[in-house]
Amino acid sequence: MAENKEKIPKYLVRFHGRGGQGAVTAAQLCSMAFDGPATCMPTFGAERMGSPVASFARMSKDYNQVRTNEQVYSPQYSCILDDTLLEDVDCTAGMVPGGYLIVNTCKPYEEIREIIEKNNPPEINVALIDATTIALEYLGRNITNTLILGALVKVAPQIFTLDELITAIADQFNPKIAQKNMDAIKTVPDATKIYPCDDKVKISFEKDYKKEWSHIGLGKLGAAELDKAGVWFTDVIDGGSARVNTGSWGVSYATFHPEYCIQCGNCVFICPDLCIEREFRDNKWQIVGVDEFHCKGCENCVYVCPGKKDKETGEKHKALTMVMKC
Amino acid sequence: MSVQPMNPFFKEIKKPVELTMTGNYAVAGAVSQTDPDVICAFPITPQTQSVEGLSDVVNHGKLKAAFVNVESELAACAFSTAACAAGARTFIATASQGLLLMAECLPMAPGWRVPLTMMISARAFNSPNLSIWNSWEFTLLSGMGWNTIVSENVQETYDAAIIASKISEDSLFPTQFVHDGFIISHSAQKFFAIPDEDVLKYTPRKPRHHINTDKTGTWGGIVTPDYFGEGRLALELEKNKVLPIMDNAFKEFKKMTGRSYHSIETYNLDCSSKTVFLTMGSMCGNILTWMEHNKDVGLIKLRTWRPFPTEQLRKIIEENNIEKIIILEKDDDLSGILPPVGQSVASALFGINVVLRSLIVGLGGRDVTKDEIEYAAKKMKPITDNRGKLYDYLGVRETKDKMWEVRF
Ligand code: SF4
Ligand code: SF4
């Protein structure tokens, strides 16, 4: 009996996106489209717009195989909604050999391959789809989560069909948006390009590739090294998000023009990422600039900045303005 | 909003239908089907979408209920206890620090015997750090007299919302139903929704005591030492009747849906090692998937946490000649004795010759994987008595490069 059971395949799919791109909805549509027991979950966290997020879908006709509520550690399919993530996150982590990495990109294959090779991935196939262009044409917005599923149908037609996917979309969205998605998605399979790996590598839908204790985070401090448990002295641990490049998320960043600053301090209090730089000069704290590494371009500071009049022209200028990244 | 999570519950559900929803939204749907009069809750991660979903259904007009925005969880608990005392079918939901803030008010609903129903998306208390993720805070506040049932997955938590409402009203004790925060509250799973008509038939409105100008009374006035102890004993005597009431609620639920629930559920108890895992909630699913390939360990799944099903557990252990119990629990209380679930199990089994150990796992949202389950099973093999340390932490780092070794 046990022998037989192991032959029922179990499909594991991971989605990488940025908060707001709909990676969680993608995983949910996946499990809805699958004809059989399925669960899906996000990596659990408080996600901000733009921060890297992941979500998973777990599907099998055998309920007991998907009854577990563990996260997915070794997906056969990893779908990337935003190719800038390839640089920030190891999107191939834990992948099953012979699996597929599906990337929304307009970059050529060689360039994508070069980026993912940095993480020494297992032997995997790559599928590329320029979903953003299709999304802009059909939806008018860069939302590619349903389209990437169209590419998944192309590389893994055994999980669910395009028709099943379209039914799931019709259930989930309001009719107008659903219709646009359905029109767009039909163009995806033909637009998906596949770059296969060595065909001797056979993908497994039964074996669990999770490395023992891989979820424990060895390398981070242990109980014996946390001096006062809840008190994190900053000489031991980096407080907060010092090393997290929140500045990579925005399309613009704030710059500071000292000549128009009245030192009111509004910007310091409004900035959600503590990016307004201050220095102690002439016996008082002064605003001196913006931390571009962390500025995510929300524009809050510009909004609250009163600024002052230019001496020569008499025109009012804000001391903070936004600059587009090229 | 392009995604409309509560859509299926905007119209009448006429026959059983398969849906895919997150735990919180599924609960919102189920609660809306029980036709509450008052919904009163303050949002807190990871509970928020349950009341958000209910506000959608009320706003849409399908559910006619007073949706009351309050300023804190203490107000939510006070307001809803009072609404329930006034005769309303009332729902609240919370987690973690919200439950702590409610604490002042929690004992009143059992004291007045009002059938309040509460969802808890289990989340750690803020110590030593703030965590929005899953631990079992409810086990640390479970001495208040609330009935408590725990769910493994989305189907169970949807069903629990309906069953809890019935248990509350049949027992006249408030009932909490719990699912693991994020792990179930934010996971979308397939489940079957029950037709509206069936839910209403299952949870009929029954006459009960309530604040009433025809029959006046004092609710929660001061009593001297002449009465307080008698009042407590009166609660205890009635509380003893709750487990059979729950059994009946489960039985009737099975008649309606075919889904069979019990205060304690068992799997593979005739295994060769006579060793079982004992736990609650989402971890049961993890263990059952692991058991697909590991047939020599069994599982005892507690659905009813309060009142503790003592006699049923004793019977299961004795009749199946269980020799060893590995308790997995997502809580600790720094008490020097077994952690909460271990305490309850050990005291329920007092005098029975069984070896047990508690392992504290999955704190603050740490995933509990096959690695923990396998390690626990292996670690238990050489243990043959109840001497030495009876509990330890599993799946944490001792130092940067070393796992904490479980020391029994
Ligand atoms: S735009 Fe201004 S407020 Fe927003 S992150 Fe940058 S510096 Fe801070
Ligand atoms: S808000 Fe504008 S004027 Fe005020 S301190 Fe900041 S930069 Fe200067």
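Quick note on labels: first sequence line is chain A, next is B, and so on, each numbered from 1.
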Practice task
For A/Arg67 and B/Lys301, work out which heavy atoms get closest and say how close.
Solution key: NH2-NZ, 3.8 Å
Exercise for the section: With a 4.5 angstrom heavy-atom cut-off, could you sort out which part of B/Tyr375 is near chain A: side chain, backbone, both or neither? Expected result: side chain
Exercise for the section: Please check if atom NZ in B/Lys389 has more than 12 non-hydrogen atoms from other residues, nucleotides or ligands closer than 6.0 Å. Expected result: yes
Fill in the blank from the handout: Closest non-hydrogen contact found for B/Asp371 with A/Lys211 is OD2-O, 3.9 Å
Completion exercise
Per-residue tally against chain B (heavy atom, under 4.5 Å) across A/Gly36, A/Ser214, A/Ala57 peaks at A/Gly36
Exercise for the section: Start with the C-alpha distance between A/Glu70 and B/Glu372, add both sets of side-chain angles, then the distance that settles side-chain contact (heavy atoms from CB on, under 4.5 Å), and finish with yes or no. Expected result: CA-CA 11 Å; A/Glu70 277 169 77; B/Glu372 279 82 357; over 6 Å; no
Exercise for the section: Answer yes or no: does atom NZ of A/Lys180 have more than 12 heavy-atom neighbours from other residues, nucleotides or ligands under 6.0 Å? Expected result: no
Problem - Heavy-atom closest pair, residues A/Asp208 and B/Lys370 - result: OD2-CE, 3.4 Å
Problem - Which atom of B/Gln189 lies closest to which atom of A/Asn69, heavy atoms considered - result: NE2-OD1, 3.2 Å
Fill in the blank from the handout: Between the NE2 atom in B/His293 and the CD atom in A/Gln65, the distance rounded to the nearest 0.5 Å is 5.5 Å
Handout entry: Heavy-atom contact with chain B under 4.5 Å, split by part of A/Lys210
Key = both
Practice task
Return yes if some donor-acceptor pair links the side-chain N/O of A/Gln28 with the main-chain N/O of B/Ala188 below 3.5 Å, else return no.
Solution key: no
Exercise for the section: Among B/Ile373, B/Val368, B/Thr289, B/Thr369, find the residue that satisfies the side-chain contact (heavy atoms from CB on, under 4.5 Å) test when tested with A/Thr68. Expected result: B/Thr289
Fill in the blank from the handout: Here the gap from A/Gln71 atom CD to B/Phe182 atom CZ, rounded to the nearest 0.5 Å, amounts to 11.0 Å
Fill in the blank from the handout: One should read off an interatomic distance between B/Ser185 OG and A/Met41 CE, to the nearest 0.5 angstrom, of 12.0 Å
Handout entry: B/Thr20 to A/Ser31 - nearest heavy-atom pair and separation
Key = CG2-OG, 4.0 Å
Problem - Distance-minimising heavy-atom pair for A/Leu218 and B/Asp401 - result: CD2-C, 3.9 Å
Fill in the blank from the handout: Applying a strict 4.5 Å limit to non-hydrogen atoms, the region of B/Ile184 in contact with chain A is side chain
Practice task
Below 4.5 Å from any heavy atom of chain B, which atoms of A/Phe56 appear? Answer side chain, backbone, both or neither.
Solution key: neither
Exercise for the section: Tell me yes or no: between the side chains of A/Asn64 and B/Glu292, is some donor less than 3.5 Å from an acceptor? Expected result: yes
Problem - Greatest number of heavy atom pairs closer than 4.5 Å to chain A - which of B/His186, B/Glu152, B/Glu374, B/Met291 - result: B/Glu152
Practice task
Kindly say whether A/Ala223 contributes a backbone atom to a donor-acceptor pair with the side chain of B/Arg397 at under 3.5 angstrom?
Solution key: no
Exercise for the section: Tell me, out of B/Asn7, B/Leu288, B/Val396, who's got the most heavy-atom pairs with chain A below 4.5 Å. Expected result: B/Leu288
